[in-house]
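Report on the structure given below.
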Amino acid sequence: LAKTTQPISMDSYEGQEVNITCSHNNIATNDYITWYQQFPSQGPRFIIQGYKTKVTNEVASLFIPADRKSSTLSLPRVSLSDTAVYYCLVRGNFNKFYFGSGTKLNVKP
Amino acid sequence: DGGITQSPKYLFRKEGQNVTLSCEQNLNHDAMYWYRQDPGQGLRLIYYSQIVNDFQKGDIAEGYSVSREKKESFPLTVTSAQKNPTAFYLCASSVQDRANTEAFFGQGTRLTVV
């Protein structure tokens, strides 16, 4: 099972670009990388997934280097409403989703 | 309107009681999951089910039980054997496709032992 490691917390200011990096050294060949966002007292919400290189959607971008041992979630021009916990996941066997402790992003005015 | 519904939102349990948390989905997903979240912590997998009438233990299954008699329902029972059940419980569902890593979560049930 691929374990993920990400910073416990990050601070940013409104309007800045935020990059959160996740390490997953033991990722398997067939594993996808996924990021979720969670607000207090709510269930996590899917943000983006990728396998290699770069993926972009209306919310974020995901950068994955060739060796796939890490990934970086990029949030452009964050606002106060982006204050949340962000989880990096590598999908394990049997479709299980393993969540680590996540990165608590605090966006300041 | 498709989604996943958990009930109740808040639940209080007396010591020694069993309680059952409901989870229903109308997304036609094969896989369903139960997670526990303690304050300031990440999610820990309790049980998961890939198909009706089949389920597997996650990392912290002791003191919990589940059933999967219908595709759309995956109730979780917190038994008296669970020594510290106060937590936020989240149910999720997903398709059975390794290339699709999007899981849909309910709004959670906050269980408190009184």
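A, B, ... follow the sequence lines: proteins, then strands. Residue 1 opens every chain. Nothing here was measured: the structure is a model prediction, and the numbers come from that model.
If you chain together hydrophobic residues whose side chains sit under 4.5 Å apart, Y64(B) and L11(B) fall into the same group. Hydrophobic clustering (ILVMFWY, side-chain heavy atoms < 4.5 Å, transitive): I47(A) and V55(A) are in one cluster. One hydrophobic cluster holds both I60(B) and F74(B) under the rule that ILVMFWY side chains link at heavy-atom gaps under 4.5 Å. W35(A) and M10(A) fall within a single hydrophobic cluster, where Ile, Leu, Val, Met, Phe, Trp and Tyr are joined by side-chain heavy atoms under 4.5 Å apart, directly or via other members. Y48(B) and Y32(A) sit in two unconnected hydrophobic clusters of ILVMFWY residues. Membership requires side-chain heavy atoms under 4.5 Å apart, directly or through other members.
Nearest approach of Q37(B) to Y87(A), heavy atoms of both residues: NE2-OH, 3.1 Å.
Within 6.0 Å of CD on Q16(A) lie more than 12 heavy atoms contributed by other residues, nucleotides or ligands. Heavy atoms from other residues, nucleotides or ligands lying under 6.0 Å from NZ of K71(B) number more than 12. Around the OH atom of Y51(A), the shell of radius 6.0 Å holds more than 12 heavy atoms that belong to other residues, nucleotides or ligands.
Ranking I33(A), I48(A), T34(A) against chain B, the residue ahead of the rest is T34(A), based on heavy-atom pairs under 4.5 Å. With chain B as partner, the option from S41(A), G102(A), P40(A) having the largest number of non-hydrogen pairs under 4.5 angstrom is S41(A).
The stretch residues 63-83 of chain A places none of its residues near chain B, where near means some heavy atom under 4.5 Å from a heavy atom of that chain.
Annotation: side chain of F46(A) is in contact with side chain of T101(B) (closest heavy-atom distance under 4.5 Å).
Proximity of the aromatic rings of F39(A) and F105(B) is defined here by a centroid distance below 6.0 angstrom, and this criterion is not met.
Taking OH of Y36(A) as the start and CD of E102(B) as the end, the distance is 6.5 Å to the nearest 0.5 Å. With values rounded to the nearest 0.5 angstrom, L90(B) atom CG is found 10.0 Å from Q42(A) atom CD. A distance of 6.0 Å separates OG of S101(A) from CD of Q41(B), quoted to the nearest 0.5 Å.
Looking at R110(B), the atoms closer than 4.5 Å to chain A (heavy atoms on both sides) all sit in the side chain, from C-beta outward. Heavy-atom distances place the side chain of L45(B), and not its backbone, under 4.5 Å from chain A. Looking at F104(B), neither its backbone nor its side chain comes within 4.5 Å of chain A, counting heavy atoms on both sides.
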